[in-house]
Amino acid sequence: MKDDKVDGAASDRAMGHFQEARSGGQAVVEALHASNVELVIGYSGGGTGAVIHHVATSGMANMNARTELSGAWISYGYNRVKGRAASACLFHCVGALHASPVVYAAKTDSTPFFMMDVNLDSSLDFREGLQDSAELLPAFKPIAKQARKAVIADDLPLAVRQAVLAASTGRPGSAVLDIAFQALTHETACVAEPLTLPEPPAASEATILRILDMIGKASAPVLFVGGGIHLADATAELQAFAEALQIPVVSTSWGGRGAISDEHPLFAGVVGSFGWVSANELVQKSDLWIAIGTTFSQMTTGAWNIEKPKNVIQIDVDPNQLGKIFQPTLGVTGHARIVLQQLLDSVEKNSIAPGAGAADLDAIAASKQSWYDYHAQLCSDGGSEKKVNQYYLIDQMSKLLPDNSLVVGDSGGQAFMLYRSFHYKNVTPMPLGSRYMSLGAGLPIAIGAKLAAPERTVVSYHGDGGFYYDCMELSTLAERKIKLIVIIDNNHCLYANRQGMSLWGIQNPWVDLPESTDFVALAKAQGVEGERVTNPADLPAALERAIAAEGSYILDVWTDPETRIRRAIRDVIPILSDRKPQQGAGAHMGPPLEGSWPA
């Protein structure tokens with residue numbers, strides 16, 4: 001019997017099921033390599049050394065951040081640029097919950113994210129061990145796309161593989177792997193098989209023909225695109241399809257921004273609570289939306305106050321999004337790039353020309369010009385007085401940053417303004433899902449973006465409130481010689497909260513922040529140069545110095561807290577519950593809607 005077992009093991013190794021025994025920690029790193037993970041970001045503690053050692057000796061790129069939260073946001077930014085779980089996080093169990101906002105944001109915002117934590121040895125589960133984290137896995141399960149636990153070494157190659165697969169495919173999200181310490185120290189001969197991500201889903205030929213038929217019969221079709229266009233790397237296919245049939249394109253407020261250039265004659269603007277008034281008006285005149293990669297969220301629709309047409313085609317990689325909020329005329333499960341290419345191929349094959357609903361380019365240009373004129377006046381006001389307003393700051397960034405830059409916005413009022421007001425030519429603010437909108441993520445996400453795209457200029461556009469959360473990562477910039485431009489839109493308050501509270505008539509001293517904080521001195525103490533800007537006339541030269549600087553550079557720009565945001569949808573107050581005031585007193589605190597999106 002003994003010889004039979006030996007022969008059987010040799011046969012299994014020959015067939016590729018097993019290899020020479022090694023520790024579970026080494027098997028994890030082999031599985032990361034096999035799953036095309038390029039970078040491990042972590043924080044040392046507990047049993048993490050059993051993995052860190054093999055990460056370092058394997059030649060895999062690795063780094064630590066100042067906190068688990070920042071490390072997780074760096075990975076989030078890296079993977080958002082790469083479009084898959086190309087980086088992984090590694091934390092000790094007792095610190096893992098510090099990263100929970102990123103786990104939830106990745107699930108909510110459709111961002112690939114893979115996090116491992118090293119838990120205590122399972123033998124301590126019932127013995128009140130130091131840093132007892134037995135309930136860690138149940139805590140992550142509700143907020144992650146996938147959360148699993150590995151307790152034996154033989155499961156580790158498969159567990160890593162499944163986590164990367166879950167994070168990167170379908171609607172991307174967060175995968176958490178809770179690893180018991182003994183699994184890393186015990187040996188396994190299980191092979192780490194190379195992972196090739198599956199082909200994304202396509203639509204049937206009959207569905208493609210039906211989509212084209214509906215477009216041909218529409219008098220005013222509109223391509224209504226969200227963040228799924230960027231996640232699918234489908235911007236080129238989107239533009240080609242829009243041009244082939246001369247269909248206007250509108251984008252969601254931040255997830256879809258930059259899917260097509262603002263300069264393109266078919267781009268009609270930005271919709272939603274923080275969109276353009278002209279675009280919201282135009283889209284409500286449409287009789288057919290071809291919605292691609294958008295979930296029809298609160299901010300995209302002005303809390304569902306935008307009037308939708310009778311006919312809506314909704315295309316999404318996640319079938320659970322189809323019919324989630326309302327019943328589309330046609331729901332299509334498919335990857336945005338694949339389906340758009342199928343549509344293009346069918347248009348060419350069947351020699352389909354633009355129909356009666358082809359875009360009125362003059363009308364689109366006129367509607368956009370109304371926004372540009374309004375925006376230009378705001379910028380002029382902000383540049384002529386001794387205060388910088390946010391519109392002027394964003395306008396100067398748009399004009400002066402190099403082509404192909406990435407601008408990462410943090411949460412808050414300044415971020416809404418960025419995605420609304422930045423002029424999208426070749427300089428593109430990084431499209432984020434931003435449904436969760438966690439304050440204080442901007443700097444580490446920008447670090448991750450720069451690591452993923454080192455050839456690009458990367459800017460962290462931050463509010464002062466959020467910057468208190470992650471300013472310690474300035475030392476990471478200096479330590480690792482990472483070149484970022486950090487722009488603090490410093491209005492000495494929590495701007496979005498300040499605006500909302502004032503609309504309610506509430507006195508709230510918590511929204512005020514001190515003017516005494518010297519962010520430039522703080523940056524210099526951590527090895528990053530910079531300057532403060534208080535006069536609009538000084539801003540262009542300061543931006544030029546930041547661009548030219550060899551290392552990271554911080555601009556602490558003092559902006560006017562009285563800058564007003566024009567409502568993009570009549571009678572709708574952004575950020576709050578977005579209900580129309582005529583519904584009666586207290587409506588803003590009530591439920592947003594009863595049932596489906598009203599007709």
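One-based numbering along the sequence shown.
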With a 4.5 Å cut-off on side-chain heavy atoms, are Val347 and Phe241 touching? yes

Does the side-chain hydrogen bond (donor to acceptor under 3.5 Å, both in side chains) test come out yes or no for His335 and Glu199, once each step is laid out? CA-CA 10 Å; His335 188 272; Glu199 288 295 315; over 6 Å; no

Given 3.5 Å as the limit, does a donor-acceptor pair link the side chain of Asp287 with the main chain of Ala220, or not? yes

Verify side-chain hydrogen bond (donor to acceptor under 3.5 Å, both in side chains) between Gln284 and Asn280, making sure each step is shown before the conclusion. CA-CA 6 Å; Gln284 291 178 97; Asn280 284 330; 5.9 Å; no

Flag the pair Trp254 / Phe416 as yes when their ring centroid distance falls below 6.0 Å, and as no otherwise. yes

Donor-acceptor pair, distance only, cut-off 3.5 Å: does the side chain of Arg456 make one with the backbone of Asn404? yes

Verify whether the ring centers belonging to Phe274 and Tyr419 lie closer than 6.0 Å. no

Is there side-chain contact between Phe140 and Val103, with heavy atoms separated by less than 4.5 Å? yes

Around atom OH of Tyr424, are there more than 12 heavy atoms of other residues, nucleotides or ligands at under 6.0 Å? yes

Over all atoms of both residues, closest heavy-atom pair of Ser174 and Ala144: OG-CA, 3.3 Å

Between Lys145 (side chain) and Lys107 (backbone), is there a donor-acceptor pair under 3.5 Å? no

Yes or no on side-chain hydrogen bond (donor to acceptor under 3.5 Å, both in side chains) for Asn490 and His492, after CA distance, side-chain angles and deciding distance? CA-CA 6 Å; Asn490 188 351; His492 312 298; 3.1 Å; yes

Check: Val271 main-chain N/O paired with Ser253 side-chain donor or acceptor under 3.5 Å: yes

With Tyr392, which of Thr559, Val557, Leu539 fulfils side chain to side chain contact (heavy atoms under 4.5 Å, CB included)? Leu539

Trace of the side-chain contact (heavy atoms from CB on, under 4.5 Å) decision for Leu209 with Asn350: CA-CA 10 Å; Leu209 292 175; Asn350 295 293; 4.1 Å; yes

Tell me if a side-chain donor or acceptor on Ser370 pairs with a main-chain N or O of Ser367 at a distance below 3.5 Å. yes

Should the heavy atoms of other residues, nucleotides or ligands under 6.0 Å from OH of Tyr468 be counted, would the total exceed 12? yes

Can you tell if the side chain of Ser346 reaches within under 4.5 Å of the side chain of Leu212, non-hydrogen atoms only? yes

Backbone of Tyr104 reached by a side-chain donor or acceptor of Thr108 within 3.5 Å: yes

Heavy-atom closest pair (Phe113 atom, Asn79 atom, distance to 0.1 Å) is CA-ND2, 3.9 Å

Is it true that Gln341 and Asp345 share a donor-acceptor pair across their side chains at a distance under 3.5 Å? yes

Positive for side chain to side chain contact (heavy atoms under 4.5 Å, CB included) with Leu288, one of Thr329, Val222, Ile313: Ile313

Trp73 side chain to Ile447 backbone, donor-acceptor under 3.5 Å: no

So, Ser460 side chain and Val486 main chain: donor-acceptor pair closer than 3.5 Å or not? no

Are a donor atom and an acceptor atom from the side chains of Tyr469 and Asp410 found within less than 3.5 Å of each other? no

I'd like to know if the side chain of Ser398 reaches the main chain of His423, judged simply by a donor and an acceptor atom lying under 3.5 Å from each other, with no hydrogens or angles considered. yes

Geometric cation-pi criterion, Arg257 with Phe422: 6.0 Å, 45°: no

So which heavy atom on Ala268 is nearest to which on Ile364, and how close? CA-CG2, 3.9 Å

Assess whether side-chain contact (heavy atoms from CB on, under 4.5 Å) is satisfied between Ser100 and Ile143, documenting all intermediate values. CA-CA 8 Å; Ser100 57; Ile143 63 171; 3.9 Å; yes

For the pair Trp371 and His375, name the ring-plane relationship: parallel under 30°, tilted 30 to 60°, perpendicular over 60°. tilted

Parallel, tilted or perpendicular: ring planes of Trp276 versus Phe267, cut at 30 and 60 degrees: perpendicular

What's the verdict on side-chain contact (heavy atoms from CB on, under 4.5 Å) for Leu238 and Leu223, showing C-alpha distance, side-chain angles and the deciding distance? CA-CA 9 Å; Leu238 170 68; Leu223 281 158; 4.1 Å; yes

Could you give me the CA-CA distance, side-chain angles and deciding distance for Ser297 and Thr300, then say whether side-chain hydrogen bond (donor to acceptor under 3.5 Å, both in side chains) is met? CA-CA 5 Å; Ser297 66; Thr300 293; 3.2 Å; yes

For the side chain of Gln246 and the backbone of Glu243, is there at least one donor-acceptor N/O pair under 3.5 Å apart? yes

Determine, step by step, whether Trp289 and Gln314 satisfy the side-chain contact (heavy atoms from CB on, under 4.5 Å) criterion, reporting the C-alpha distance in whole Å, the side-chain angles of both residues, the deciding distance to 0.1 Å, and the verdict. CA-CA 8 Å; Trp289 292 350; Gln314 185 178 4; over 6 Å; no

The residue among Arg80, His230, Gln321, Arg171 that forms side chain to side chain donor-acceptor pair (under 3.5 Å) with Ser110 is Arg171

